[in-house]
Amino acid sequence: MIIVLKPDTTEKQREHVLDYIKDFGLKAHVSEGAYRTVIGLIGDESVLQSVPLEALPGVESVMPILKPFKLASREFHAEDKIVFARGVPIGGPHVAIMAGPCAVETREYLDVIARAVKAAGAAILRGGAFKPRSSPYSFQGLGEEGLKMLRETGDALDMPVVTEVMDTRQVDTVARYADILQVGARNMQNFDLLREVGKAGKPVLLKRGLSATIEEFLLSAEYILSEGNPNVILCERGIRTFENSTRNTFDVSAVPNIQSECHLPVVVDPSHAAGRRDLVVPLARAGIAAGAAGVLVDVHCEPEKAKCDGPQALLPPAFADMVRELGLIANVVGRSIVRGPVQDSKSRSVPKHPTRAPKPAE
Ligand code: PEP
Ligand code: MN
């Protein structure tokens, strides 16, 4: 259920509504929009059955949320959410390029790749230190050593860093180094992990599970939101289908489909979707054209030597060409690529579909 407050509600009235709800043992989540404030109630709402909430001073209306996900829904938060990572915005009119090696391997590789992606226009550096590998005999990542390298490189280039956390026991450590905690596809329904990253105080990039429906995906986001963390970025990274010429099938429809009912930014990962270098650029183009808030792309300067996912890594020159193209496509759909931190480093919102495509010059 949501409680919509009147535009002129005073601070005192608002506090009174919040205290009133808490007395019934319900959790209240407040969404401050540009036009209205909404309070989302989580818990056993049946206790409110005969309670006239509409009669409370400052309350405009009370509405049920019929969807299974509540805090992720547009009913709770109508405007596009913009998540900030060290001042870099993801969502709304901004398109953020997140790029780097699949795994942090050596300081030298990381340095060369990070410089290349930054020069090409990436705002956020990616790199796995804890790697979820199908085989226990494959390279598992450098662990904390890799996190340190990622942090140092990110700091040197003024780039926020995103890296995966695989287990509840790693959350504190990863959160010490990372700006965005990545929950991988294989962990999308690791509910304990979702709760822990929800408490970690850092933005979370949640990847869609290998065979997760959109509803399951959004319910997983709901776990994080319900712990009080509103800064969730969703990532479409391909789903398992009968098709085996690609690693996964890139579900481009997920982008507008999610956006129609959820306010969280949706980014795409064409690298893990395709598993093939030759498909990464066209899929990235499609994702941005469909309205994605960013792309997450594997880049490597010597992919033939990469310890993880070399066949899908773009070489730096191809990556730079791709970013130029994505910039043009983003402009067509009323967005633009963000190159680095912007002034306002706090999370804030802008109206849904805030910017239209620029009018052609007279
Ligand atoms: C990754 O981004 O490094 C990764 C392992 O992706 P996914 O969880 O989507 O397979
Ligand atoms: Mn990978």
Side-chain angles (χ1 to χ4, degrees), residues 1-7 9 11 13-22 24-49 51 53-54 56 58-84 89-92 191 194-195 197-199 201 203-206 208 213-235 254-267 291 293 346-354:
M1 168 187 303
I2 55 171
I3 301 175
V4 182
L5 299 184
K6 290 179 183 154
T9 305
E11 188 61 31
Q13 289 171 332
R14 190 180 118 130
E15 287 310 311
H16 177 63
V17 176
L18 289 172
D19 288 343
Y20 193 85
I21 295 160
K22 281 177 197 150
F24 284 94
L26 296 170
K27 255 194 191 172
H29 294 259
V30 179
S31 158
E32 307 268 12
Y35 307 112
R36 56 180 202 168
T37 298
V38 174
I39 301 172
L41 305 190
I42 301 295
D44 177 12
E45 292 172 10
S46 64
V47 297
L48 293 172
Q49 232 155 32
V51 178
L53 289 172
E54 286 95 342
L56 290 176
V59 172
E60 185 171 276
S61 57
V62 179
M63 288 182 285
I65 300 184
L66 300 173
K67 301 211 173 68
F69 47 89
K70 316 280 178 198
L71 304 175
S73 73
R74 289 259 181 212
E75 282 94 333
F76 175 59
H77 189 97
E79 299 130 9
D80 287 350
K81 171 79 182 168
I82 302 183
V83 174
F84 285 85
I90 303 125
F191 302 116
L194 297 176
R195 284 195 196 281
V197 297
K199 292 180 198 145
V204 176
L205 184 136
L206 176 65
R208 183 175 178 185
T213 64
I214 303 273
E215 185 172 301
E216 287 163 343
F217 191 17
L218 297 183
L219 282 169
S220 288
E222 190 80 13
Y223 268 89
I224 303 169
L225 300 171
S226 68
E227 291 299 332
N229 184 351
N231 296 310
V232 178
I233 304 155
L234 301 169
C235 179
V255 176
N257 194 354
I258 292 171
Q259 283 172 343
S260 69
E261 43 192 1
C262 171
H263 60 275
L264 299 172
V266 186
V267 302
K346 287 221 189 85
S347 181
R348 63 186 174 85
S349 302
V350 294
K352 191 185 171 200
H353 306 310

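Both backbone and side-chain heavy atoms feed into the values below; hydrogens, waters and symmetry mates do not.
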Is there a side-chain contact between Leu205 and Val267, using heavy atoms and a 4.5 Å cut-off?
yes
Distance (rounded to the nearest 0.5 Å) between Leu56 CG and Thr9 OG1
11.0 Å
Could you tell me the separation between the CZ atom of Phe69 and the CG atom of Leu264, rounded to the nearest 0.5 Å?
10.0 Å
State, with a plain yes or no, whether a side-chain heavy atom of Ile3 is found less than 4.5 Å away from one of Leu41.
yes
For the pair Phe76 and Lys70, evaluate side-chain contact (heavy atoms from CB on, under 4.5 Å) and give the outcome as yes or no after the intermediate values.
CA-CA 7 Å; Phe76 175 59; Lys70 316 280 178 198; 6.0 Å; no
Pro265 and Asp80, any side-chain heavy atoms less than 4.5 Å apart:
no
Please step through side-chain contact (heavy atoms from CB on, under 4.5 Å) for the pair Leu5 and Val59, ending with a clear verdict.
CA-CA 5 Å; Leu5 299 184; Val59 172; 4.3 Å; yes
Interatomic distance, CZ@Phe217 vs CG@Leu234, rounded to 0.5 Å, equals 4.5 Å
Does Ala34 offer a backbone N or O that forms a donor-acceptor pair with the side chain of Glu79 under 3.5 Å?
yes
Would you say Phe84 and Asn231 make side-chain contact, with heavy atoms under 4.5 Å?
no
Test salt bridge (Lys or Arg N to Asp or Glu O under 4.0 Å) applied to Lys67 and Glu75, step by step
CA-CA 9 Å; Lys67 301 211 173 68; Glu75 282 94 333; 3.2 Å; yes
Are Arg74 and Glu261 within salt-bridge range, i.e. N to O under 4.0 Å?
no
Could you check Asn229, Val83, Ile224, Val197 and say which one makes a side-chain contact (heavy atoms from CB on, under 4.5 Å) with Pro203?
Val83
Scanning both residues in full, the closest heavy-atom pair of His263 with Ser73 reads ND1-O, 3.3 Å
Closest non-hydrogen atoms of Ser226 and His29, given as atom of the first, atom of the second and distance, are O-CE1, 3.6 Å
Got a second to check how far Leu26's CG is from Leu48's CG, nearest 0.5 Å?
5.0 Å
Are Glu32 and Arg14 within salt-bridge range, i.e. N to O under 4.0 Å?
yes
Would you mind reporting whether Phe24 and Val51 have side-chain heavy atoms less than 4.5 Å apart?
yes
Starting at CD1 of Ile21, measure out to CE of Met1 and round the result to the nearest 0.5 Å.
9.5 Å
Taking the side chain as every heavy atom from C-beta outward, state whether Ile214 and Arg208 have any atom pair closer than 4.5 Å.
yes
Give, for atom CD of Gln13 and atom CG of Leu18, the distance between the pair rounded to the nearest 0.5 Å.
12.0 Å
Are the side chains of Glu60 and Pro7 in contact, using a 4.5 Å heavy-atom criterion?
yes
Please lay out, stage by stage, how Val4 and Met63 fare under the test side-chain contact (heavy atoms from CB on, under 4.5 Å).
CA-CA 8 Å; Val4 182; Met63 288 182 285; 3.8 Å; yes
Could you tell me whether the side chain of Ile233 reaches within less than 4.5 Å of the side chain of Leu206, counting heavy atoms only?
no
Kindly indicate, with the supporting measurements, whether the criterion side-chain contact (heavy atoms from CB on, under 4.5 Å) is fulfilled by Ile42 and Leu71.
CA-CA 9 Å; Ile42 301 295; Leu71 304 175; 4.1 Å; yes
